[in-house]
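Some notes on the structure that comes next.
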Amino acid sequence: MNEKAVKPFGLKDKIGYMFGDFGNDFTFMFSSTFLMVFYMKVLGISGAAVGTLFLVARFVDAFTDVTMGRIVDTCKPGKDGKFKRWIRIMAGPVAIASFLMYQSSLADASMTVKMIYMYVTYILWGSICYTGINIPYGSMASAITDVPEERTALSTFRSIGATLAQLVIGVGGPMIIYMTDASGTQVIRNDGKIFPVVAGIFSVCAIICYIICYKCTIERIKIQPDPNAEKISLAKTFGAIFSNRALLGIIGAAIFLLLSSLMLSSVNTYLYADYFSNIKALSVYNMITMVCSLLMATITGAVVKKYGKKESAAAATIFTGTVFLALGFLNVKHVWVFAIAAAVGYLGVNYFNLIIWANIIDVIDDVEVKSGKREDGTVYAVYSFARKVGQALAGGLGGYALGIIGYESAAKTQTAEVLSGLYKLATIVPGILFICVALMLIFVYPLTKKKVEANVEFLRAKRNKKN
């Protein structure tokens with residue numbers, strides 16, 4: 001393709017990239033929200049067995065994530081680019097694999113059959129098909145543009161896509177899947193037979209989103225595989241990657257961010273139900289944070305352009321940590337004062353979530369500057385797996401913390417000591433973890449605004465010299 005014929009980066013690319021994560025999350029968020037419900041309440045599989053599946057899958061991911069990253073890095077680009085081709089190839093398989101996980105017709109099968117079915121379909125979807133599309137999609141932003149501000153815009157629109165999926169699945173999912181029976185109890189509609197229908201609809205929606213992503217984005221930065229890549233061992237590649245301070249810094253910040261955010265998410269339900277006795281306030285809090293995230297997206301580009309990603313994200317997470325620590329020490333009793341203050345405080349985390357994917361592209365550039373090799377897929381795969389480990393750690397953190405403070409799930413009311421502990425878990429603990437995010441950015445992550453711009457100019461000159 002003639003370089004002069006390539007359209008300049010614009011809104012079409014941003015919208016296309018947004019739909020890529022919208023498509024990802026039609027299957028990912030549906031799984032995160034409802035798959036355990038399906039396994040336990042429809043198929044009758046124990047929670048311990050489901051938890052073991054998720055743990056085994058993370059071990060499998062350690063191999064499949066990195067393998068897919070290496071495949072992306074070493075394969076020659078197709079006519080549609082180095083990364084887009086995988087969206088075209090994997091869109092159908094990931095949607096079909098997601099649909100296969102929710103087959104309620106197996107509810108009466110033997111437990112052996114159900115266990116085999118659960119393992120095969122979940123690993124097929126999550127560790128193979130989803131990895132096969134998510135790793136190239138996440139790496140693709142570095143090929144769409146090399147301008148830092150435009151990469152920030154892609155990160156912001158990606159986060160908007162995830163938020164829209166969360167709204168669709170989080171609001172529409174429960175309304176479709178659950179119904180109220182004659183006694184007023186919330187039950188799963190049609191004994192779970194609704195799951196294949198909903199999964200099928202979301203799978204079709206995912207394919208439509210992937211098509212929009214494929215059609216609307218252009219890979220402008222031509223990244224050819226290193227002809228010597230096969231001569232370099234995977235151990236040496238990992239050695240170079242894991243010695244990169246920028247990657248270690250952003251992984252550390254991301255893990256602390258996941259621990260704090262998921263801890264807060266898991267504990268908030270108990271806080272609003274038991275401490276404040278007003279679960280409706282939690283819905284309002286969640287809605288406010290989502291709306292604020294969308295509004296925040298309108299200013300991220302301007303903030304990053306003026307202050308830089310590292311600098312602004314560190315300030316934002318310090319703000320969030322400070323607000324939650326202040327709430328912890330003030331012992332706020334009024335639910336609406338607390339909910340509004342917490343939602344305003346969470347703006348800092350919303351901001352970092354909007355730009356974090358652009359940080360990963362900066363890390364990929366930094367690895368190339370330091371090592372001389374372009375490893376988009378491998379670097380992104382390492383980061384992706386680290387996030388999964390963080391999610392796995394955070395998944396059990398809330399439950400362990402509730403056990404430590406003595407929370408009794410069967411009790412109608414909790415003791416004053418438990419309620420006090422619950423309040424601290426929802427304020428002081430995440431507040432400290434949010435501060436840790438900022439400390440990782442300040443003292444470990446080295447990519448300042450000036451350094452990012454220098455790396456971009458170095459790599460641009462390097463590619464121009466080759467051409």
Side-chain angles (χ1 to χ4, degrees), residues 32-33 35-37 40 46-55 57-58 166 170 251-279 281-283 285-286 289 317-333 335 338-339 341-343 345-346 348-350 352-353 386-440:
S32 299
T33 307
L35 186 58
M36 182 173 281
V37 174
M40 295 178 67
S46 70
V50 176
T52 301
L53 164 70
F54 293 160
L55 182 63
R58 298 296 78 80
Q166 186 175 351
I251 285 176
I255 289 177
F256 276 119
L257 187 69
L258 286 166
L259 288 173
S260 52
S261 299
L262 294 178
M263 167 80 171
L264 189 61
S265 177
S266 62
V267 172
N268 263 349
T269 302
Y270 302 94
L271 177 75
Y272 283 89
D274 296 301
Y275 186 86
F276 289 116
S277 299
N278 191 339
I279 196 66
L282 177 59
S283 298
Y285 163 80
N286 287 332
T289 56
T317 46
I318 286 175
F319 169 73
T320 297
T322 302
V323 170
F324 275 85
L325 287 174
L327 287 172
F329 290 112
L330 289 173
N331 289 315
V332 177
K333 301 297 182 183
V335 63
F338 181 91
Y346 207 73
V349 170
N350 282 337
F352 188 31
N353 278 325
R387 278 181 64 92
K388 290 178 181 178
V389 172
Q391 288 167 341
L393 292 172
L397 183 62
Y400 288 127
L402 289 172
I404 290 172
I405 65 171
Y407 186 90
E408 295 288 342
S409 57
K412 291 184 178 181
T413 58
Q414 304 295 326
T415 66
E417 290 78 11
V418 170
L419 292 177
S420 176
L422 192 59
Y423 186 85
K424 288 180 172 62
L425 285 180
T427 53
I428 293 177
V429 174
I432 293 172
L433 292 172
F434 287 134
I435 296 295
C436 289
V437 175
L439 293 177
M440 290 296 299

Closest non-hydrogen atom pair, [X] against [Y]:
{"X": "V349", "Y": "S261", "answer": "CG1-OG, 4.0 Å"}
{"X": "L433", "Y": "S260", "answer": "CB-CB, 3.5 Å"}
{"X": "V437", "Y": "L257", "answer": "CG2-N, 3.4 Å"}
{"X": "A341", "Y": "V323", "answer": "O-CG1, 3.7 Å"}
{"X": "V335", "Y": "A281", "answer": "CG2-CB, 3.5 Å"}
{"X": "I428", "Y": "G328", "answer": "CG1-CA, 3.8 Å"}

Spacing of [atom1] belonging to [X] relative to [atom2] belonging to [Y], to within rounding of 0.5 Å:
{"X": "I405", "Y": "K424", "atom1": "CD1", "atom2": "NZ", "result": "10.0 Å"}
{"X": "L422", "Y": "E417", "atom1": "CG", "atom2": "CD", "result": "13.0 Å"}
{"X": "I432", "Y": "L259", "atom1": "CD1", "atom2": "CG", "result": "13.0 Å"}
{"X": "T427", "Y": "L271", "atom1": "OG1", "atom2": "CG", "result": "8.0 Å"}
{"X": "L258", "Y": "M263", "atom1": "CG", "atom2": "CE", "result": "14.0 Å"}
{"X": "I318", "Y": "L325", "atom1": "CD1", "atom2": "CG", "result": "11.5 Å"}

Does [Y] offer a backbone N or O that forms a donor-acceptor pair with the side chain of [X] under 3.5 Å?
{"X": "T289", "Y": "N286", "result": "yes"}
{"X": "D274", "Y": "L419", "result": "no"}
{"X": "T320", "Y": "G348", "result": "yes"}
{"X": "S420", "Y": "A416", "result": "no"}

Relative to each other, are the rings of F434 and Y346 parallel, tilted or perpendicular (30° and 60° limits)?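 Geometry flag for Y346 against F434: perpendicular rings.
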Name the orientation class of the two ring planes belonging to F338 and F276 (parallel below 30°, tilted from 30 to 60°, perpendicular beyond 60°).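 If you compare the ring of F338 with that of F276, the planes turn out tilted.
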Checking ring-ring contact (aromatic ring centres under 6.0 Å, His included) between Y423 and each of Y272, Y270, Y275, which is the one that passes? Y275
